[in-house]
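As structure tokens, the structure follows; a few thoughts come after it.
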Amino acid sequence: MQEPVAKLNFLHALVAGGVAGVVVDIALFPIDTVKTRLQSELGFWRAGGFRGIYKGLAPAAAGSAPTAALFFCAYECGKQLLSSASNTKDSPYVHMAAASAAEVLACLIRVPVEIAKQRSQTLLGHKQHQTALQILLRAYRTEGLRRGIYRGFGSTIMREIPFSLIQFPLWEYFKRQWTPMTGYESTPLSVALCGAVAGGISAGLTTPLDVVKTRIMLAERDSLTRRRNVPSILHGIYVERGLRGLFAGFVPRVLWITLGGAFFFGFYDLTTRLLSAANADN
């Protein structure tokens, strides 16, 4: 009986993660665009200001479902495996390890999507009216797979893993404490609130890493940023703009991920419940 249950959990995570990812990326895309332009080396107005805030929506929408689905499949499966191996339940270390491994896998899809999306958002891909596919093909032809399409893979992982190490243990903890603290049963709405708080805290603390990732992905091929490592870029931003530079885009990032956390975890939980109910009826 264990194998069908595990298979259903995998399929539920796949579908629920995909639905949640699409809802978040489409609904909150303009906030993400503003955040990216604030973090751009060009500056907010030269990167596009408030013009064309839906530029880059196509690659984001196309990549959101597979990225989120892959992440949640890996997270749920990793959580089950590690819990069984360590004979523990609801351990924050299990959640941290499962989330970190899932982020690395998800970045295989996320990074090329981010390259196409952010270059469109800052109008870099639209100097020659390029589509998302043309942006990626140009990156591959001029710089290859690792330096072109997967540019910023390391810095993205350096952002995502600390983010997940904070977010997922907090989310799981808040969910666990909801009923004892409030006296109410857990619902998709309560799960959404837990996700919003956990996401907002994680987003604020990891903003400098997000700034570095954006700078690396948007850097011109022969620019100084392209040749520097993460600590050097962080230092350069601090020298140039101080803490304000390191936390560029803080407000839209926290707003985007707080709202995104609510949508993402709420829809994930709702979809999982609906799928479980449908399976029970069958």
Side-chain angles (χ1 to χ4, degrees), residues 2 5-6 8-10 12-14 16-18 20-21 24 67-108 110 154-210 213 230 250 253-273 276:
Q2 186 67 29
V5 171
L8 282 171
N9 287 341
F10 177 84
H12 289 178
L14 185 75
V24 170
T67 302
L70 178 59
F71 173 84
F72 266 111
C73 285
Y75 177 66
E76 294 293 349
C77 292
K79 200 166 63 168
Q80 289 179 16
L81 287 171
L82 291 170
S83 294
S84 299
S86 61
N87 199 26
T88 58
K89 187 181 179 183
D90 295 325
S91 166
Y93 301 109
V94 166
H95 300 151
M96 291 162 78
S100 298
E103 286 293 3
V104 173
L105 283 174
C107 280
L108 293 173
R110 181 180 291 124
S155 61
T156 304
I157 289 175
M158 284 181 67
R159 178 197 68 175
E160 295 297 340
I161 289 181
F163 180 86
S164 293
L165 290 177
I166 301 167
Q167 183 188 38
F168 278 86
L170 281 178
W171 177 57
E172 299 280 4
Y173 175 77
F174 293 154
K175 282 197 301 175
R176 236 175 18 254
Q177 295 300 315
W178 177 264
T179 300
M181 292 290 287
T182 66
Y184 294 103
E185 287 297 316
S186 176
T187 65
L189 179 59
S190 70
V191 172
L193 289 172
C194 294
V197 176
I201 293 169
S202 309
L205 293 174
T206 56
T207 297
L209 297 174
D210 188 50
K213 189 272 304 179
V230 171
F250 177 87
R253 174 170 165 79
V254 171
L255 177 63
W256 170 49
I257 294 182
T258 298
L259 294 174
F263 279 113
F264 193 75
F265 290 113
F267 271 94
Y268 178 78
D269 188 71
L270 176 62
T271 308
T272 302
R273 288 172 192 250
S276 297

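In this chain, numbering begins with 1 at the start of the sequence shown. Please read these numbers as outputs of a predicted model, since none were measured by experiment.
Across W178 and C194, no two heavy atoms sit closer than the pair CE3-SG, 4.4 Å. The two residues M158 and L209 make their nearest non-hydrogen contact at O-CD1, 3.3 Å. When all heavy atoms of P169 and S164 are compared, the closest pair comes out as CD-O, 3.4 Å. Shortest non-hydrogen contact noted between S83 and V94 is OG-CG1, 3.6 Å. Summarising the geometry of V191 relative to S186, their closest heavy-atom pair is CG2-OG, 3.6 Å, with the distance given to 0.1 Å. Smallest separation of non-hydrogen atoms from L105 and A74: CD1-CB, 3.8 Å.
Residue S190 holds its OG atom at 7.0 Å from CG of D269, rounded to the nearest 0.5 Å. To the nearest 0.5 Å, atoms CH2 (W171) and NE2 (H95) are separated by 9.0 Å. The distance from atom OG of S202 to atom CD of E160, rounded to the nearest 0.5 Å, is 10.5 Å. Here the straight-line distance linking atom CD of E172 with atom CD of Q167 works out to 10.5 Å at 0.5 Å rounding. Summarising the geometry, atom OG1 belonging to T207 is positioned 10.0 Å from atom CZ belonging to R159; distances are rounded to the nearest 0.5 Å. Taking OG1 of T258 as the reference point, atom CZ of F263 lies at 12.0 Å (rounded to 0.5 Å).
Using cut-offs of 30° and 60° on the angle between ring planes, the pair F71 and F168 is tilted.
The number of heavy-atom neighbours closer than 6.0 Å to OH of Y173, taken from other residues, nucleotides and ligands shown, is 12 or below. Sparse packing is recorded around CZ of F267, with 12 or fewer heavy atoms of other residues, nucleotides or ligands lying under 6.0 Å away.
Put simply, the side chain of V104 reaches to within 4.5 Å of the side chain of I161, judged on heavy atoms. Two residues are said to be in side-chain contact when any heavy atoms from C-beta on lie closer than 4.5 Å; I157 and E103 fail this criterion.
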* Are I257 and F163 close enough, and set up right, to give a side-chain contact (heavy atoms from CB on, under 4.5 Å), and what steps lead you there? -> CA-CA 11 Å; I257 294 182; F163 180 86; 3.7 Å; yes
